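To keep things clear, I will list the structure first and then write my remarks on it.
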Amino acid sequence: NNGIWLSESTTLGNVIQGNRIGTNASGTGALPNAVNGVYVGGAASVTIGGTAAGAGNLISGNGQGGVKIEGNDVSVQGNLIGTNADGTAAIANGSFQAANGGVWVVSGSNILIGGTTVTARNLLSGNGGAGVWIDGGTATVQGNWIGVNAAGTGLLGNGGDGIFVTGGADGSVIGGSVAGEGNWVVGSGLV
């Protein structure tokens, strides 16, 4: 099933930090959860990772997706999703389908993926499907590196789109004009 599942709308204020979800202890190989690494299935006010040193999670190697979101007020920051612990090689979440990738937003509002600082940046690379898929709800996707290695020196593409937005995702924001808001999206379809 899911590695971590927060299932109820009455589940509030949970923090998921400093974990290896779907990998071995060294972060060099997959020990997959069958479905998603983290599933926010109705819970609200959830923090996945963070900007402090050591707060980010390694979420890789899971059978379907890294993070699936069906909840409000969720932040996903400072994580490595789809790579090894060094961000140098792929440990893919899922296979080539949009949902089987890094972060899949199904529903909810006030969802933040990344941020304007280096410490808020997610590395969303090496996944079987899309780096980010916004299928519904409203999300802000800013400052992430998608499809590149952690050093920014080489491609580490996702199998699907870098960022895939479907018709149900009205009002979402991808990037922005302020310094640090833009995402770096490369190597799509290269897994």
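In this text the structure is predicted, and so the values were computed from the model without any measurement.
The two atoms that bring Ser188 and Gly162 nearest to each other are OG-N, 3.1 Å, heavy atoms only. Between Arg20 and Gly27, the shortest heavy-atom distance links the atoms NH1-N, 3.4 Å. Taking both residues in full, the closest heavy atoms of Gln17 and Asn57 are given as C-OD1, 3.3 Å, listed atom of the first, atom of the second, then distance. In terms of heavy-atom proximity, Leu80 sits nearest to Gly87 at CD1-N, 4.4 Å. Of all non-hydrogen atoms in Pro32 and Gly61, the two that sit nearest each other are CB-O, 2.8 Å. The two residues Ile91 and Ala30 come nearest to each other via the heavy atoms CG2-CB, 3.8 Å.
Residues Val141 and Ile134 are in side-chain contact: their nearest non-hydrogen atoms beyond the backbone lie under 4.5 Å apart. Two residues are said to be in side-chain contact when any heavy atoms from C-beta on lie closer than 4.5 Å; Leu58 and Asn19 fail this criterion. The closest side-chain heavy-atom distance from Asn110 to Thr138 is not below 4.5 Å.
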* Pair Thr83-Leu123, side-chain contact (heavy atoms from CB on, under 4.5 Å): steps then yes or no -> CA-CA 8 Å; Thr83 73; Leu123 183 66; 3.9 Å; yes

* To do: Evaluate the side-chain contact (heavy atoms from CB on, under 4.5 Å) criterion for residues Val46 and Asn72: first the C-alpha distance (whole Å), next the side-chain angles of each, then the deciding distance (0.1 Å), finally the verdict.
  => CA-CA 8 Å; Val46 177; Asn72 299 316; over 6 Å; no

* Can you list the steps and then say if Leu31 with Thr23 is a side-chain contact (heavy atoms from CB on, under 4.5 Å)? -> CA-CA 5 Å; Leu31 287 176; Thr23 73; 6.0 Å; no

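A continuous path of hydrophobic side-chain contacts links Ile174 to Val132 [ILVMFWY only; heavy atoms under 4.5 Å]. With hydrophobic clusters built from ILVMFWY side chains whose heavy atoms lie under 4.5 angstrom apart, Val76 shares a cluster with Val165. Residues Ile4 and Val40 fall within the same hydrophobic cluster, defined by Ile, Leu, Val, Met, Phe, Trp and Tyr side chains chained together at heavy-atom separations under 4.5 Å.
A perpendicular orientation is assigned to the rings of Trp145 and Trp184, their planes being inclined by more than 60° (bins at 30° and 60°).
Considering Val67, Ile59, Asn79, Ile21 as possible partners of Ile16, the one that fulfils the side chain to side chain contact (heavy atoms under 4.5 Å, CB included) test is Ile21. Across Asn127, Val186, Leu124, a single residue satisfies side chain to side chain contact (heavy atoms under 4.5 Å, CB included) together with Ile146, and that is Leu124.
Side chain of Gln142 to backbone of Gly175: a donor-acceptor contact under 3.5 angstrom is found. A donor-acceptor pair under 3.5 Å is formed between the side chain of Ser125 and the backbone N or O of Val148. Gln77 places no side-chain N or O within donor-acceptor distance of the main-chain N or O of Thr51, the cut-off being under 3.5 Å. The backbone N or O of Gly128 lies less than 3.5 Å from no partner atom in the side chain of Asn100, so there is not a single donor-acceptor pair.
Expressed to the nearest 0.5 Å, how far CD of Glu70 lies from CH2 of Trp104 amounts to 7.0 Å. Rounding to the nearest 0.5 Å places CG of Asn144 at 7.0 Å from CD1 of Ile113. Note that CD of Gln64 and CG of Asn93 are 10.5 Å apart. Values are rounded to the nearest 0.5 Å. Atom CG of Asn149 and atom CG of Leu155 lie 8.5 Å apart (nearest 0.5 Å). Asn158 CG to Ile163 CD1: the interatomic distance, rounded to the nearest 0.5 Å, is 10.0 Å. To the nearest 0.5 angstrom, Ile48 atom CD1 is 11.0 Å from Leu112 atom CG.
Within the structure, the side chain to side chain donor-acceptor pair (under 3.5 Å) test picks out the following pairs touching residues 164-175 (sequence neighbours left out): Asp135-Thr166. The side chain to side chain donor-acceptor pair (under 3.5 Å) pairs that include a residue from residues 26-38 are Asn2-Asn36, Asn24-Ser26, Asn24-Thr28, Ser26-Thr28, Asn33-Asn62, where partners are two or more places apart or lie in different chains.
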